[in-house]
Amino acid sequence: LKSPIQKIALLPGPYRFYYLPRSRFLLSAESLAPIIIEMDEHAAATVTHPLTPNPGNALSTLMQTFRFNENDLGRNREGRLTGRQQLRLLWSASFYAGFFLMVCLIGGLFAAANLLNLPPEPTPEIVESGLAQAWQMFCLAAFGLFAFGWPLWNLVTRLIDILRGQVQMVSGPIHFQVRGGRGTTCYYVVRGKEFQVSPYAYYSFIEGMNY
């Protein structure tokens with residue numbers, strides 16, 4: 001089935017779909033289990049939204065996407081981490097620790113080679129301009145800052161989060177952003193705060209709704 005739009009914001013659940021039989025274009029869909037939802041935390045009235053999936057299905061989808069369970073959720077509501085979540089953070093921190101140690105090892109080998117003053121192979125002398133030398137130094141400094149700074153920053157922030165064990169919450173309309181390059185990075189954006197997520201998280205929410 002093809003759709004005239006790139007994304008259809010429907011979470012998993014029971015639906016009825018309407019499509020064109022020959023061109024196979026998906027036209028619309030409706031939930032088979034309409035429910036009553038609250039407009040927001042200050043509104044006393046409620047509204048029936050026929051395209052809003054069952055909240056149990058939505059929670060189940062979020063649990064699968066972000067790998068948490070009911071015990072994790074209950075502890076997070078108290079502003080704390082569970083031991084299971086701390087272990088996941090520690091595993092993530094160990095990756096950056098290994099990356100940082102590898103960079104240090106490679107840098108140490110290069111430094112040791114220079115200290116040994118190994119005789120270089122004879123090569124024709126090339127005179128470089130001051131601008132070219134400055135550009136090379138800049139590129140080398142930028143690479144070193146990234147190679148050492150990126151894993152160290154990720155390692156330190158994760159260790160601080162593990163030791164403090166504090167959890168915060170933000171609520172508001174949610175939006176999805178994708179940034180390209182050599183790799184694709186996906187984010188949830190809520191009230192100006194960006195949270196890096198996996199591409200699968202794209203299908204775990206409805207764009208523009210309050211979460």
Side-chain angles (χ1 to χ4, degrees), residues 1-89 91-92 95 158 161 166-211:
L1 295 177
K2 296 175 291 183
S3 172
I5 58 177
Q6 293 183 354
K7 177 187 175 185
I8 299 176
L10 299 177
L11 295 178
Y15 290 91
R16 180 182 290 114
F17 291 90
Y18 299 91
Y19 66 94
L20 298 172
R22 293 171 184 83
S23 57
R24 301 287 179 173
F25 257 94
L26 184 61
L27 297 177
S28 59
E30 61 180 341
S31 172
L32 296 181
I35 60 170
I36 296 177
I37 61 172
E38 295 182 357
M39 292 292 289
D40 55 53
E41 57 183 358
H42 303 294
T46 57
V47 62
T48 301
H49 197 307
L51 290 182
T52 302
N54 185 288
N57 290 340
L59 181 58
S60 176
T61 303
L62 290 171
M63 284 183 173
Q64 293 177 10
T65 300
F66 297 104
R67 295 183 293 168
F68 68 93
N69 55 34
E70 293 182 358
N71 182 44
D72 297 329
L73 183 58
R75 187 68 171 158
N76 297 157
R77 283 172 177 157
E78 299 171 359
R80 298 296 176 187
L81 283 167
T82 62
R84 179 173 171 270
Q85 291 174 320
Q86 286 178 324
L87 188 61
R88 281 181 55 196
L89 267 177
W91 178 254
S92 175
F95 166 79
R158 280 160 175 76
D161 281 337
Q166 296 176 346
V167 174
Q168 295 182 348
M169 183 196 71
V170 62
S171 61
I174 191 170
H175 302 283
F176 194 82
Q177 283 189 359
V178 178
R179 293 177 186 167
R182 292 198 172 184
T184 300
T185 309
C186 304
Y187 298 89
Y188 280 168
V189 182
V190 184
R191 294 192 180 276
K193 295 182 181 292
E194 293 184 349
F195 305 94
Q196 187 173 344
V197 296
S198 72
Y200 298 104
Y202 184 82
Y203 302 99
S204 300
F205 77 106
I206 298 177
E207 180 85 22
M209 288 189 65
N210 287 315
Y211 282 83

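Because only heavy atoms are used, hydrogens play no part in the values below, and waters and symmetry mates are left out as well, while side chains stay in.
Applying the side chain to side chain donor-acceptor pair (under 3.5 Å) test to pairs two or more places apart or on separate chains, those with a residue in residues 188-198 are Arg179-Glu194.
In this pair, Phe205 and Tyr202 present their aromatic rings perpendicular. The plane angle is above 60°, beyond the 30 to 60° band.
The shortest non-hydrogen separation linking Ser204 to Leu62 is O-CD2, 3.5 Å. Scanning all heavy atoms of the two residues, the minimum distance from Gly172 to Asn210 falls at C-OD1, 3.3 Å. Nearest heavy-atom pair, Val197 versus Phe176, reported as atom, atom and distance to 0.1 Å: CG2-CE1, 4.0 Å.
Residues forming a side-chain hydrogen bond (donor to acceptor under 3.5 Å, both in side chains) with Arg75 (at least two apart in sequence, or on another chain): Glu78. In this structure, the side-chain hydrogen bond (donor to acceptor under 3.5 Å, both in side chains) partners of Arg16, at least two apart in sequence or on a different chain, are Glu30. In this structure Asp72 satisfies the side-chain hydrogen bond (donor to acceptor under 3.5 Å, both in side chains) test together with Thr82, Arg84, sequence neighbours excluded. With sequence neighbours excluded, the residues that form a side chain to side chain contact (heavy atoms under 4.5 Å, CB included) with Leu89 are Leu81, Arg158, Asp161, Ile162. A search for side-chain hydrogen bond (donor to acceptor under 3.5 Å, both in side chains) contacts involving Asn71 returns nothing, not counting sequence neighbours.
Under a 3.5 Å cut-off, the side chain of Asn76 and the backbone N or O of Arg80 do form a donor-acceptor pair.
More than 12 heavy atoms of other residues, nucleotides or ligands shown are found within 6.0 angstrom of CZ on Phe66.
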Side chain to side chain contact (heavy atoms under 4.5 Å, CB included), that's the test. Do Arg77 and Met169 meet it? Break it down for me. CA-CA 8 Å; Arg77 283 172 177 157; Met169 183 196 71; over 6 Å; no
